[in-house]
Enquirer: 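Okay, handing you the structure first.
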Amino acid sequence: MAAQPNAGKNPVPATVEAKIAHGWLHTARFLTTAPQLEHLPALELPEIAFVGRSNAGKSTCINTLTQQKRLAFASKTPGRTQSINLFSLGKQGVHDAVLADLPGYGYAAVPREAKLRWQRVMGNYLMTRENLTGVVLLIDPRLGMTELDEILLDVIRPRVQAGLKFLVLLTKSDKLSRSEAAKALSIAKLQSGGGEAMLFSALKKQGLDEVAQLLWQWSHTPTKKAKGEAVEPDTNVDSDQEPEPESLD
């Protein structure tokens with residue numbers, strides 16, 4: 001996938017109009033799917049990962065943000081989607097970012113062996129993916145941050161402290177009263193470990209502009225690991241050499 005570098009252009013502003021951010025997200029197109037880390041292409045584009053427990057509303061959130069009903073696959077059986085799916089962002093011929101949809105975790109009906117394998121893959125991805133720029137952790141505020149979510153936060157905490165962007169997104173917020181939403185948001189901000197927290201409702205379109213603008217900002221802020229250009233896929237990654245994180249079980 002060829003991409004145009006941004007060298008020589010004026011610095012990108014820190015904020016952008018919501019209309020522009022939404023238009024950018026609407027350009028999302030399927031790039032590839034990877035059942036294992038070694039199948040992921042090596043990219044220098046900023047990559048934003050969406051993670052969360054099964055039934056947290058991850059697929060619905062991605063589809064709502066990109067204004068595409070079937071971009072992210074929502075399985076009728078939670079926990080069945082077990083691949084890392086990448087979607088490229090950018091106008092014709094110019095790819096400037098990637099969205100990564102990681103498998104939902106914590107669903108009891110998934111066989112333990114398969115569950116543990118995918119939890120290791122996800123943990124290794126979050127700890128070692130070099131072009132990872134930001135992580136969006138989706139949480140159902142009616143459940144709050146569960147033990148599984150806290151384990152995941154512990155996995156990425158060192159990278160967040162080193163500058164990785166992090167957002168706790170409280171989905172399905174339309175199901176909360178105003179006071180319940182305020183309380184859930186306050187708690188999420190304390191638990192975000194230096195990241196951010198927002199309320200989101202796909203049904204009521206709550207938080208849509210703010211999240212779109214934040215993701216645009218994450219992807220258009222120059223970093224050492226994200227230079228705005230893609231490189232050839234590297235299929236020689238040896239996932240067996242990667243450290244294994246604590247299991248999300």
Side-chain angles (χ1 to χ4, degrees), residues 3 5-7 11-16 34 36-38 40-53 58 84 86-89 95-103 105 118-139 145-170 185 187-198 210-231 234 237-248:
N6 294 323
V12 179
T15 59
V16 66
Q36 297 288 350
L37 291 183
E38 60 264 31
L40 283 174
L43 302 171
E44 292 188 8
L45 296 171
E47 192 161 296
I48 298 172
F50 285 73
V51 299
R53 287 176 54 88
K58 181 163 53 65
I84 297 175
L86 300 184
F87 308 99
S88 63
L89 290 167
H95 307 282
D96 53 15
V98 172
L99 299 182
D101 181 13
L102 273 63
Y105 53 83
W118 268 105
Q119 288 162 0
R120 286 193 294 268
V121 170
M122 291 170 57
N124 284 332
Y125 165 88
L126 292 169
M127 290 194 303
T128 65
R129 184 69 167 165
E130 290 190 3
N131 65 316
L132 186 62
T133 300
V135 173
V136 180
L137 172 60
L138 291 93
I139 292 176
M145 187 173 289
T146 66
E147 182 180 358
L148 297 178
D149 298 317
E150 291 175 354
I151 292 173
L152 184 142
L153 182 55
D154 286 340
V155 168
I156 66 170
R157 192 181 305 277
R159 294 196 70 174
V160 173
Q161 293 174 343
L164 179 72
K165 306 298 184 182
F166 181 60
L167 169 66
V168 176
L169 197 60
L170 301 177
L185 183 60
I187 293 173
K189 287 180 178 178
L190 292 175
Q191 295 174 319
S192 66
E196 302 185 55
M198 294 183 182
E210 293 82 358
V211 175
Q213 290 172 298
L214 183 64
L215 298 184
W216 191 96
Q217 180 182 344
W218 285 3
S219 301
H220 293 81
T221 301
T223 65
K224 294 180 179 179
K225 292 295 183 181
K227 302 177 181 178
E229 54 185 357
V231 297
D234 180 4
V237 177
D238 184 1
S239 62
D240 292 336
Q241 298 301 315
E242 296 166 346
E244 289 193 359
E246 185 175 356
S247 174
L248 297 176

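Since we're looking at a predicted model, the values are computed, not measured. Each residue takes its place number in the sequence, starting with 1.
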Enquirer: For Ser88 and Leu86, indicate whether the former's side chain and the latter's backbone hold a donor-acceptor pair under 3.5 Å.
Expert: no
Enquirer: Verify, without hydrogens or angle tests, whether Lys165 (side chain) and Glu196 (backbone) share a donor-acceptor contact under 3.5 angstrom.
Expert: no
Enquirer: Given side chains that start at C-beta, do those of Leu148 and Arg53 come closer than 4.5 Å, heavy atoms only?
Expert: yes
Enquirer: Report yes if the side chains of Val168 and Gln191 come closer than 4.5 Å at any heavy-atom pair, otherwise no.
Expert: no
Enquirer: Roughly how far apart are Leu137 CG and Lys58 NZ, rounded to 0.5 Å?
Expert: 11.0 Å
Enquirer: For the pair Asn131 (side chain) and Pro46 (backbone), establish whether a donor and an acceptor sit closer than 3.5 Å, ignoring hydrogens and angles.
Expert: no
Enquirer: In Å and rounded to the nearest 0.5 Å, what is the CG to CE distance from Leu132 to Met127?
Expert: 12.0 Å
Enquirer: Can you name the nearest heavy-atom pair linking Pro103 to Ile84, along with the distance?
Expert: CD-CG1, 4.3 Å
Enquirer: Walk me through whether Phe50 and Leu102 qualify under side chain to side chain contact (heavy atoms under 4.5 Å, CB included).
Expert: CA-CA 6 Å; Phe50 285 73; Leu102 273 63; over 6 Å; no
Enquirer: Can you tell me how far the CG atom of Asp96 sits from the OG atom of Ser219, to the nearest 0.5 Å?
Expert: 7.0 Å
Enquirer: Side chains of Leu43 and Arg129, heavy atoms from C-beta outward: is any pair under 4.5 Å?
Expert: yes
Enquirer: Please assess Leu167 against Val135 for the test side chain to side chain contact (heavy atoms under 4.5 Å, CB included), listing each intermediate value before the final yes or no.
Expert: CA-CA 6 Å; Leu167 169 66; Val135 173; over 6 Å; no
Enquirer: Side chains of Leu89 and Val98: does their closest heavy-atom pair fall under 4.5 Å?
Expert: no
Enquirer: Could you tell me which non-hydrogen atom of Asn124 sits nearest to which non-hydrogen atom of Thr128, and how far apart they are?
Expert: O-OG1, 2.5 Å
Enquirer: For Ala34, check side-chain contact (heavy atoms from CB on, under 4.5 Å) against everything at least two apart and list the hits.
Expert: His39, Leu40
Enquirer: Can you list everything that forms a side-chain contact (heavy atoms from CB on, under 4.5 Å) with Val160? Sequence neighbours excluded, please.
Expert: Ile156, Leu164, Phe166
Enquirer: Kindly indicate whether the side chain of Val16, heavy atoms from C-beta on, has any atom under 4.5 Å from the side chain of His220.
Expert: no
Enquirer: Which residue in the set Asp149, Leu169, Thr146 passes side-chain contact (heavy atoms from CB on, under 4.5 Å) when paired with Ile139?
Expert: Asp149
Enquirer: Quick one: salt bridge (Lys or Arg N to Asp or Glu O under 4.0 Å) partners of Arg159, sequence neighbours excluded?
Expert: none
Enquirer: Taking side chain as C-beta onward, heavy atoms only, is Val136 less than 4.5 Å from Trp218?
Expert: yes
Enquirer: Please name the pair of heavy atoms, one in Arg157 and one in Gly193, separated by the smallest distance, quoted to 0.1 Å.
Expert: NH1-CA, 3.9 Å
